[in-house]
Structure formats: structure tokens, C-alpha cells
Amino acid sequence: MAKTLNIDGKRLYASLAELGRIGAYTDENTGIVGVNRLALTAADGAGRRLVTKWFRAAGLRVTIDKIGNVFGRRPGRDDSLAPVMLGSHIDSVPTAGRFDGCLGVLGALEVVRVLNDAKAATRRPLVVAFFTDEEGCRFGTDMLGSAAATRRIPLERAYALKDRDGLTVKDELRKIGFLGGEPVGRLRPHAYLECHIEQGPLLRHKGLDCGVVMGVQAISWQELTIVGKSAHAGTTPMSFRRDAGLAAARLDVALREMTLSGRYGRDMRAAMGAINLRPNMVNVVPSRAVCTVDLRNPSDALMAKAEADFARLCKKIAKQDRVAISSRSTAKTPHVPFDASVQALIAAQADRLGLSHEPILSGAGHDAQEWSRVCKTAMVFVPGEYDGISHNPREFSTRKQCTDGVNVLLGAAQVLAEEA
Ligand code: HGY
Ligand code: MN
Ligand code: MN
């Protein structure tokens, strides 16, 4: 039976604050200090170097694979056994807080630190990891590092992905010094655990200490290219116009109406997060709009219905506005259920710690959804203040909320690491 241990919440919280200072910026809308560590930028590279230094200082043997995933290994009493892996991501969206992803990586590191402090060995090796470009917003597809490591995305396709400036994943990995040598796709953990902030209001509104994550809802991202005709904004009669910007706006409004209609279930969510117009000038009718569509739905069937109906809507609006609309799928993952036995283990750890909890489906995508294809996997969610806002500098979880979540992670990891 593993020793009952508790993490050092002060040390965890201090590490979150220190990592949060890398890529820090003052948000133009709120004046709040947020985090911008977009994948494979210099800031991401600096964050990676700091966490890798911490991995090594904790005695972990660090390896970097060909897609830049970083693994820190702590030997087990029987080092031949498959490891228990704990991890998440440290790349961020450009308007982030300091908890998204980082709580899972630094929480996993804290698990190692507290085991080291207690000189507690585990039967199985532990691997602590952070994965490349979980957010997906720079190169267009999410969970890139985990998807390559679990063979959902071929490495060469991942390498060739480009950002808006035409820079490739491979070149950007090399530029920040994280184009590793370890092959991808070989690691088969015994189990994978991830601690993450909920990034929503449910746990906090219910006054719960943590969430036992049942799985991740379906995700569908596409990039639309809308081609109209540039024209003089003053002289061109309205009926002559082929306005790409108008078509994009109509589609954005239509997405909101789809979510409100109930035709795709009451939980469908949609966003047109990016709209880039050309030539983007005050007195020129836009000739071109490149925009993104993010659809989420707990039901694969209703997601398919929403995608099909949206494609029909694109055709209708293309005809109405006399523009051409083409679509390219950039990310598509089904509803992913997590392992029931690992969920039960997480719930049992919360009970042992006297923490209230409920099952919860993740609205956000996570690395865990990729690892769940190769080993038994589940997550523990931590509540957030301010309605659990995330992808916003106001993202905030208290030291107690973080400590509780990582203590659940520690307990579950210890049990899994003793399994035969
Ligand atoms: O988009 C997501 O669900 C996650 O933040 N990558
Ligand atoms: Mn995340
Ligand atoms: Mn995120």
C-alpha cells in the first residue's frame, strides 16, 4: 500500500506563477496580466526550457521526441513495467491565463517532487510530460503533439503544417531547439492521468471541489475560404456587390442560430474565432474572407447533422451573395469516453480526501483524449473562479482548488503505479 502523502500546494502555486511570467502580457481590454505562449514561439521555447530544467532538477531523465513532446521519467522498483504517465501542455492561446495546461504539467511535477521528498518508490516508473501545441490555434489543428505520439496524425503531416506566415512546425521546432530525436508512437503507458482546470462554470456554481471527467465532447474545426470581388465601397451599387465579408458575417450569425435552435441538442456550441478579410480596407468591398468554424457537440450524430446542415448553408449563402465558399477540415475528433475504472479511482481519491465531486463531460479538448486510445485514461478537473473563465487572462483557480486537484492526481497515480 502506497504511503499517504500530500503535495506542497505553496510550491505548486509558486511554480505556476513563475511559469506564468514567461510570455506575460497586459491585456488591452482588461489591463489584467495574461499569458501568451503560442506554440513553438520564443516564449513557448522559454517556457519549455524552464519546465525541462525543473524536470531534471527533480531527478527525471528527460527525453524529447520528434514532435517536441518532452518526457521526464522516474524509475520504478520494476523499471521494466509500462509507466504511469501524468501530463498536459504548457503552450497557450494568445489571451491565456496561467493555469490552462500548466496545472497538469506542474501538478505532475509536484507529484514527483513530493514522492522524492518522501523517498517513496513506486512499483511502476512514472513519466511526467508536456505535449506540443495542444491548443492548435497557430498551426490549425489541436492536440498536435499527443496526436502524433499516438499515431492519429502522421509525423510528416504534422511537420508540414504551416502558420499564417507560412512557417512550418518542423522549422519552428528546430528554431526553439525542441526538434527531438526520440521516435514518436512507441510509448504505451500503463495509464494516463491529467489534471486540468474545468474552463467552465459548472463545478464552481455547484460548489464542488473537483470534477471526475467522463470524457471529451466531439470537436470539428474547419477553415472557410470565401471569394467575392473587390469593388469601390462608394460607387458600386449594393446589388452589384459580391461581398465576401458579408457572407462570412451571415455564416457567423447562422452558427449562433444553429446553437439556439435545439436541432443539434441543447449543448451544441459554435464559434467563428478568426475572420481575415482582404484587402481589409475601409473603402473596398472585401474580395476574400478566410474564417474558422469551431463546432462542439457531446453527440457524434448531432455533430454530423450540424456539419451537414452548415455545409448546405454555405451553399445557400454562396448563391445568395454570389461568392464562392470552400471548406477545409482542420481538426476532427469524436466524443471520447474515458476509462470507467480510472474515473472510479479518481472519485475514490476525492472521497478519501473528503472532496466533493461529480462526473463532468469536458467541453474543451485535452491531450488525454489522444492518450485514451492507447491506454486507460481519465482526468480530474479543478474549478475556476469568475465562472471558470478561460482563454482569458482572468482565468483563476485558488491555491486550495489547485492543491485539492493535484492531491487527487497524486493519490490516483500512486494506486495505478502499484498495479501489476
Ligand atoms: O480548443 C480546445 O478545446 C482546447 O483548448 N485546445
Ligand atoms: Mn488546456
Ligand atoms: Mn486551452
Side-chain angles (χ1 to χ4, degrees), residues 23 37-53 55-56 60-73 82-83 85-93 100-102 104-105 108-109 127-189 192 194 196 216 219 221 329-333 336 364-375 377:
R37 274 199 313 272
L38 206 53
L40 308 190
T41 57
D44 186 24
R48 284 166 163 262
R49 279 189 293 281
L50 176 64
V51 177
T52 305
K53 185 182 81 177
F55 279 11
R56 291 197 169 101
L60 296 171
R61 181 168 60 80
V62 171
T63 54
I64 303 172
D65 73 10
K66 289 181 181 231
I67 194 66
N69 295 323
V70 177
F71 303 92
R73 185 186 175 96
M85 183 156 79
L86 319 173
S88 193
H89 64 96
I90 59 171
D91 66 290
S92 83
V93 295
D100 178 0
C102 302
V105 177
L109 174 63
V127 167
V128 170
F130 59 82
F131 307 107
T132 295
D133 194 9
E134 186 276 346
E135 293 293 357
C137 44
R138 180 180 175 192
F139 295 98
T141 197
D142 53 0
M143 272 60 82
L144 185 63
S146 291
T150 56
R151 299 174 186 270
R152 175 167 67 85
I153 296 181
L155 182 63
E156 288 313 315
R157 184 164 9 122
Y159 275 163
L161 290 174
K162 290 185 178 158
D163 69 1
R164 285 178 188 154
D165 300 324
L167 300 171
T168 66
V169 164
K170 187 167 190 177
D171 288 346
E172 293 299 281
L173 270 172
R174 187 181 291 115
K175 198 185 291 178
I176 63 168
F178 280 87
L179 182 60
E182 287 294 306
V184 293
R186 289 189 189 163
L187 177 58
R188 287 293 173 269
Y192 176 72
E194 183 168 351
H196 203 288
V216 175
I219 301 173
W221 289 0
S329 173
T330 55
K332 183 149 179 60
T333 45
V336 174
H366 297 289
D367 292 298
Q369 71 186 59
E370 303 301 324
W371 291 99
S372 69
R373 289 198 314 279
V374 300
C375 66
T377 292

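Because the structure is predicted, anything quoted here is derived from the model rather than measured.
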Please check if the number of heavy atoms outside Arg174 that lie under 6.0 Å from its CZ is greater than 12. yes

Residue pair Phe178, Asp44: steps toward the side-chain contact (heavy atoms from CB on, under 4.5 Å) verdict: CA-CA 10 Å; Phe178 280 87; Asp44 186 24; over 6 Å; no

Closest heavy-atom contact between Ile176 and Leu40? CG2-O, 3.5 Å

Just by distance, do the side chain of Glu194 and the backbone of Ala368 share a donor-acceptor pair under 3.5 Å? yes

Begin with the C-alpha distance, continue with both residues' side-chain angles, and end with the deciding distance and a verdict on side-chain contact (heavy atoms from CB on, under 4.5 Å) for Thr333 and Glu370. CA-CA 9 Å; Thr333 45; Glu370 303 301 324; 4.0 Å; yes

For Lys162, is the NZ atom crowded, meaning more than 12 foreign heavy atoms sit under 6.0 Å from it? no

Atom pair CE/CD1 of Met143 and Ile219 - distance to nearest 0.5 Å: 4.5 Å

On a heavy-atom basis, which atom in Thr141 and which in Ala331 lie closest, and how many Å separate them? OG1-CB, 3.6 Å

Is there a donor-acceptor contact under 3.5 Å linking the side chains of His89 and Asp100? yes

Do you know which two heavy atoms are closest between Cys375 and Pro189, and how far apart they sit? CB-O, 3.2 Å

Quick one, Asp171 and Leu167 - any side-chain contact, counting heavy atoms below 4.5 Å? no

Between CG on residue Asp133 and CZ on residue Phe139, distance to nearest 0.5 Å: 6.5 Å

Please say whether more than 12 non-hydrogen atoms of neighbouring residues, nucleotides or ligands are located less than 6.0 Å from CZ in Arg373. yes

Say whether, by atom type as modelled, one donor and one acceptor occur between the side chain of Arg37 and the main chain of Gly23 under 3.5 angstrom. no

Heavy-atom closest pair (Val216 atom, Gly365 atom, distance to 0.1 Å) is CG1-CA, 3.9 Å

Would you find a donor on one side and an acceptor on the other, under 3.5 Å apart, between the side chain of Asp91 and the backbone of Glu134? yes

Could you pull out the closest heavy-atom pair between Met85 and Ala129, with the gap in Å? SD-CB, 4.2 Å

Quick one, Tyr192 with Leu187, criterion side-chain contact (heavy atoms from CB on, under 4.5 Å). Give me CA distance, side-chain angles, the key distance, then yes/no. CA-CA 11 Å; Tyr192 176 72; Leu187 177 58; over 6 Å; no

Looking only at side-chain N and O atoms, does Ser146 offer a donor or acceptor that is under 3.5 Å from a partner on Trp371? yes

Could you check if a side-chain atom of Glu135 sits within less than 4.5 angstrom of a side-chain atom of Cys137, using non-hydrogen atoms only? yes

OH/Tyr159 to CD1/Ile153 distance, rounded to the nearest 0.5 angstrom? 13.5 Å

Do Val51 and Val105 have side chains that approach each other closer than 4.5 Å (heavy atoms only, starting at C-beta)? yes

In Å, rounded to the nearest 0.5 Å, how long is the span from CG of Leu155 to NZ of Lys170? 7.5 Å

Looking only at non-hydrogen atoms, find the nearest pair between Asp65 and Ala149 and report the distance. OD2-CB, 4.4 Å

So does Gly68 get a backbone contact from the side chain of Thr132, meaning a donor-acceptor N/O pair under 3.5 Å? yes

Students often mix this up, so state it plainly: with edges at 30° and 60°, are the rings of Phe131 and Phe71 parallel, tilted or perpendicular? perpendicular

Would Glu182 and Asn69 satisfy side-chain contact (heavy atoms from CB on, under 4.5 Å), going step by step from the backbone distance to the final call? CA-CA 9 Å; Glu182 287 294 306; Asn69 295 323; over 6 Å; no

